[in-house]
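Written out below as structure tokens is the structure these notes cover.
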There are 2 protein chains.
Amino acid sequence: MAEHNHNICIEKSTQFAQEIALSKGKKLTAQRLLVLNILLSDHKAMGAYDILDKMRDMHVEGQGKPQPPTVYRALDFLLDLGLIHKVESQNSFYACMVDKSQDEHHLAQAFICDECGHVDEKIARRGAQNLFEKAASFGFKINKVIVECRGICATCQAI
Amino acid sequence: MAEHNHNICIEKSTQFAQEIALSKGKKLTAQRLLVLNILLSDHKAMGAYDILDKMRDMHVEGQGKPQPPTVYRALDFLLDLGLIHKVESQNSFYACMVDKSQDEHHLAQAFICDECGHVDEKIARRGAQNLFEKAASFGFKINKVIVECRGICATCQAI
DNA sequence: CTAAAAAGTGTTATATTATAACATTTGGAA
DNA sequence: TTCCAAATGTTATAATATAACACTTTTTAG
Ligand SMILES: [Zn+2]
Ligand SMILES: [Zn+2]
Ligand SMILES: [Zn+2]
Ligand SMILES: [Zn+2]
């Protein structure tokens, strides 16, 4: 991934998050932004309690440490806005990494490395089309599609 | 689904389960068969604890009631043999319902009704091919693919 | 046929993931 | 300013899953 400038990636994602929140009349509060930034710090999937640990590490003295509902509320908010996705097959979360200028709520295909947790996310256009057609053929109305590929990333294979 | 004779469906699935277990030198014990039959009783996805409740309802007097490890061990066994699948997005399980005479470990597409829990399962050949090609294009080695469509089945839409 | 090993099961306890419920605070709208 | 709705804090608990160890049954080796 030589072409990936992660600082720019974080900056763009954060900016987009502000815009999408504003456009929906929602507030991207400090807490929510913190969770997003933790996920944006690396393109890895993290469990809710791992995120919670990071929040606790960062927490300011003189106030109680964050509790599970805090992180789950932020995650729910970010999921609703399509800023993050959940890896259903391992109960983890990652920051959305596709250009959402067109497809705001896209059908994501996630490629998750079981060695290092790295996630690559692609938009599935044909794949989504095929699934919707197949579903229609027997009268099934799709609300949400989950596509997850578990395996080993190129980097980890090279090790 | 007028063409679906469920008694034959159960019979065939059970018979296939015996064969595949035998061919792999594994034993389809009474306990494991019970869990499979509970899942086969209907094409619905069930949680592990729902299955456990059914096992407890059926349990013979004079012996302790089954505990969570009992059902999870049976589920793991059946998952290994490809006789059942897990719906990762809702932590539930259903009996595999495709003809496995060719594709023993197929890429399943599950269409799960969020109203009634009914599952339709289709084999994805093209879909799998496309995912493997896409993965290969960036050096990702796929071990397992999860495709789940959540929505409303034809029956529930008609209600 | 027996002894040893392996596979399966029973049981208790506990880990992990997620949410319910209610109190309190904050930020705008009226 | 007062009120309301949204957000957050806090405690407790629900739901899902596994660790660990004892015991039994089945298979295998001699
Ligand atoms: Zn995305
Ligand atoms: Zn990796
Ligand atoms: Zn199947
Ligand atoms: Zn239905």
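Below, chains carry the letters A, B, ... as their sequence lines are ordered, and counting in each starts from 1. The analysis underlying the following values was restricted to heavy atoms, covering all of them including side chains, and did not include hydrogens, waters or symmetry mates. These numbers were taken from a predicted model, which means no experiment stands behind them.
Note on B:Gln31: a side-chain N or O is less than 4.0 Å away from OP1 or OP2 of C:dG10. Note on B:Asn91: every side-chain N or O is 4.0 Å or more away from OP1 and OP2 of D:dA15. In this model, the phosphate group of D:dA5 is not approached by any side-chain N or O of A:Lys27 to a distance below 4.0 Å at OP1 or OP2. Checking the phosphate oxygens (OP1, OP2) of C:dT11, no side-chain nitrogen or oxygen of B:Thr70 falls inside 4.0 Å.
Atom pair A:Arg32:CZ and D:dG9:P shows a separation of 11 Å (rounding to whole Å applied). Taking atom CD of B:Gln67 as the reference point, atom P of D:dA20 lies 19 Å away to the nearest angstrom. If you take OH of A:Tyr72 and C1' of D:dA14, they are 12 Å apart, rounded to a whole angstrom. Put simply, CG on B:Leu75 is 13 Å from P on D:dT16, counting in whole angstrom units. One interatomic measurement links the two molecules: CD of B:Glu88 to C1' of C:dA18, which rounds to 17 Å at whole-angstrom precision. B:Asp76 places its CG atom 10 Å from the P atom of D:dA19, with the value rounded to the nearest Å. Rounded to an integer number of Å, the gap from B:Gln90 CD to D:dA15 P is 15 Å. Between the CG atom of B:Leu33 and the P atom of C:dG8 there is a distance of 15 Å, given to the nearest Å.
Residues of residues 43-52 of chain A that place a heavy atom closer than 4.0 Å to DNA chain D do not occur.
Considering only side-chain atoms of B:Pro69, the nucleotide from D:dA19, C:dT17, D:dT11 that sits closest is D:dA19. Comparing atom distances between the B:Thr29 side chain and each of C:dG8, C:dT19, D:dA7 picks out C:dG8 as nearest.
Put simply, the side chain of B:Glu121 gets close to the backbone of B:Met97: a donor and an acceptor are under 3.5 Å apart. The backbone N or O of A:Cys149 sits nowhere less than 3.5 Å from a side-chain atom of A:Gln109 that would complete a donor-acceptor pair. A:Arg150 contributes a side-chain N or O that, together with a main-chain N or O of A:Ser89, makes up a donor-acceptor pair within less than 3.5 Å. Judged by distance alone, the side chain of A:Glu148 and the main-chain N or O of A:Glu88 form a donor-acceptor pair under 3.5 Å.
Considering B:Thr14, B:Leu78, B:Leu40 in turn, B:Thr14 is the only one that fulfils the side chain to side chain contact (heavy atoms under 4.5 Å, CB included) rule with B:Leu33. A:Tyr94 pairs in a ring pair (Phe, Tyr, Trp, His ring centres under 6.0 Å) with only one of the listed residues (A:His85, A:His43, A:His118), which is A:His85.
Direction change of the helix axis from one end of the helix from C:dC1-D:dG30 to C:dA30-D:dT1 to the other is 20°, with five pairs defining each end axis (rounded to 10°).
Linking Ile, Leu, Val, Met, Phe, Trp and Tyr residues whenever their side-chain heavy atoms come within less than 4.5 Å places A:Phe16 and A:Val35 in a single cluster.
Note on ring orientation: taking the six-membered ring where Trp is involved, the planes of B:Tyr72 and B:Tyr49 are perpendicular (angle over 60°, cut-offs 30° and 60°).
In this structure, B:Lys54 and B:Met46 have side chains that are in contact, with non-hydrogen atoms separated by less than 4.5 Å.
Residue contacts for B:Lys86: at a heavy-atom cut-off of 4.0 Å it reaches the sugar-phosphate backbone alone, with no base atom in range.
With hydrogens and angles ignored, a donor-acceptor pair closer than 3.5 Å exists between the side chain of A:Arg73 and the base of D:dG9.
For the pair B:Lys122 and A:Phe138, the distance from NZ or CZ to the six-membered ring centre is under 6.0 Å and the angle to the ring normal is within 45 degrees.
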